[in-house]
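Below: one structure, written as structure tokens.
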Amino acid sequence: MAVGQNERIFVLPGDRIDPSLIPSHPKRALRLGPGLRHIPPNELVPTVAGQLVTDRKKNSIWVEYNGGRYIPTVGDLVIGTVHHSAADYFYVMLSGYTSNAILPQLAFEMATKKTRPNLNPGALVYARVSLANRHMDPELECVSPSTGKADGLGPLNGGMLFDISLGMARRLLMRKSVEEGKVAVLEELGSAGLAFETAVGRNGKIWVNSEKIKTVLVVGRAVKETDENNLTIEQQKKLVRKLVKEMS
């Protein structure tokens, strides 16, 4: 099956995936994202209906879909809420229907037993899934294992958390979110002069922070409307102009 580079490919559960669509890398292991199951020795089978997406630079492949429940996958960036803590771990909620993830208290940049963060129940953390399988609770980290640096991970202070669809979260996290994910709303808001910062979790969360609470609310509303109404890029630009005008 010959497929054009820009042609979208949609799959159904149980479909056969042409081997030419599966990325390969001489040094990186193939990473399977949501919506795919590996059947040894070398067959990939979709478990959900959606668009087949590949990232050849990261040697990863997944099925883009909306709905369903979040299933932790190693490497995912997630936003969690601290539920409680024990001697050496924080127990973190990733969604309302999965077991708590485990976040070691030393899995932070420069953390020691004396300097580890003190996170109370309800605190938000931006973390990476470091361990995930169906027989164990997922494990998180807030530090890069290769550099020892936080790389933007850690406690999220202030701001507000908004729920978005899993599909929207994946689109926002794409390397080229405008070109590939067709999401321009954050870039348009920034170009309009709004100052804010965001963190996006693959578990269907976006955190927004700004010195102005009105900006936080506008950004959250713009992202949610884009998500819920599946707005095109032109419609997103129109929405931003409307919201910015309402602010002034």
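Note that the numbering runs from 1 along the sequence shown for the chain.
- Here the side chains of Gln51 and Ile9 are not in contact, with every heavy-atom distance at 4.5 Å or above.
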Derivation and outcome, side-chain hydrogen bond (donor to acceptor under 3.5 Å, both in side chains), residues Ser60 and Asp55: CA-CA 5 Å; Ser60 60; Asp55 186 329; 4.8 Å; no
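- The pair Arg221-Glu225 meets the salt-bridge criterion, since a charged nitrogen lies less than 4.0 angstrom from a carboxylate oxygen.
- To the nearest 0.5 Å, the span separating CG on Leu166 from CZ on Arg202 amounts to 9.0 Å.
- At least one side-chain heavy atom of Val216 sits less than 4.5 Å from a side-chain heavy atom of Phe162.
- Within 6.0 Å of atom CZ in Arg56, more than 12 heavy atoms from other residues, nucleotides or ligands are found, so the atom counts as buried in its surroundings.
- Summarising the geometry, atom CG belonging to Leu119 is positioned 4.0 Å from atom CZ belonging to Phe90; distances are rounded to the nearest 0.5 Å.
- For Asp163 and Lys205, the salt-bridge test passes: some basic side-chain N is under 4.0 Å from an acidic carboxylate O.
- Leu140 has its side chain within reach of Val78: a pair of non-hydrogen atoms, C-beta onward, lies under 4.5 Å apart.
- Between the side chain of Ser177 and the backbone N or O of Leu173, no donor-acceptor pair lies under 3.5 Å.
- Between atom CE of residue Met136 and atom CD1 of residue Ile102 there is a gap of 7.0 Å, rounded to the nearest 0.5 Å.
- To the nearest 0.5 Å, the span separating CG on Asn59 from OG on Ser24 amounts to 6.5 Å.
- Counting only heavy atoms from C-beta outward, the side chains of Val143 and Lys149 never approach each other to under 4.5 Å.
- At distances below 3.5 Å, at least one donor-acceptor pair connects side-chain atoms of Arg171 with backbone N or O atoms of Lys182.
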Residues Ser95, Asn203; criterion side-chain hydrogen bond (donor to acceptor under 3.5 Å, both in side chains); working and verdict: CA-CA 7 Å; Ser95 69; Asn203 54 328; over 6 Å; no
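- Taking the six-membered ring for Trp and the full ring otherwise, His83 and Tyr91 have centroids separated by 6.0 Å or more.
- Side-chain contact between Thr54 and Leu21 is absent, with no heavy atoms from C-beta onward closer than 4.5 Å.
- Closest heavy-atom contact between Met160 and Ile213: SD-CD1, 4.0 Å.
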side-chain hydrogen bond (donor to acceptor under 3.5 Å, both in side chains) between Glu197 and Asn209, worked out: CA-CA 5 Å; Glu197 58 179 329; Asn209 192 25; 3.2 Å; yes
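- Residues Gln235 and Thr232 share a closest heavy-atom pair of OE1-N, 2.8 Å.
- You'll find the side chain of Arg116 stays beyond 4.5 Å of the side chain of Phe108, heavy atoms only.
- Put simply, the side chain of Val125 does not reach to within 4.5 Å of the side chain of Leu156, judged on heavy atoms.
- Within a 6.0 Å sphere centred on OH of Tyr89, other residues, nucleotides and ligands contribute 12 heavy atoms or fewer.
- Listed here is the closest heavy atom pair of Met174 and Val53: CE-CG1, 4.3 Å.
- Here CG of Leu217 is found 11.0 Å from CG of Leu243. Values are rounded to the nearest 0.5 Å.
- Between Gly35 and Val48, the shortest heavy-atom distance links the atoms CA-CG2, 3.7 Å.
- For the side chain to side chain contact (heavy atoms under 4.5 Å, CB included) test with Leu52, the passing option among Leu44, Val11, Asp15, Ile22 is Val11; the others fail.
- For the residue pair Val185 and Gln236, the shortest heavy atom distance occurs at N-OE1, 3.0 Å.
- In this structure, CD1 on Ile61 lies 5.0 Å from CD1 on Ile17, to the nearest 0.5 angstrom.
- Salt bridge Lys214/Glu246: absent, no basic N to carboxylate O contact under 4.0 Å.
- Across every non-hydrogen atom of Ala195 and Ser210, the tightest pair is O-OG, 2.8 Å.
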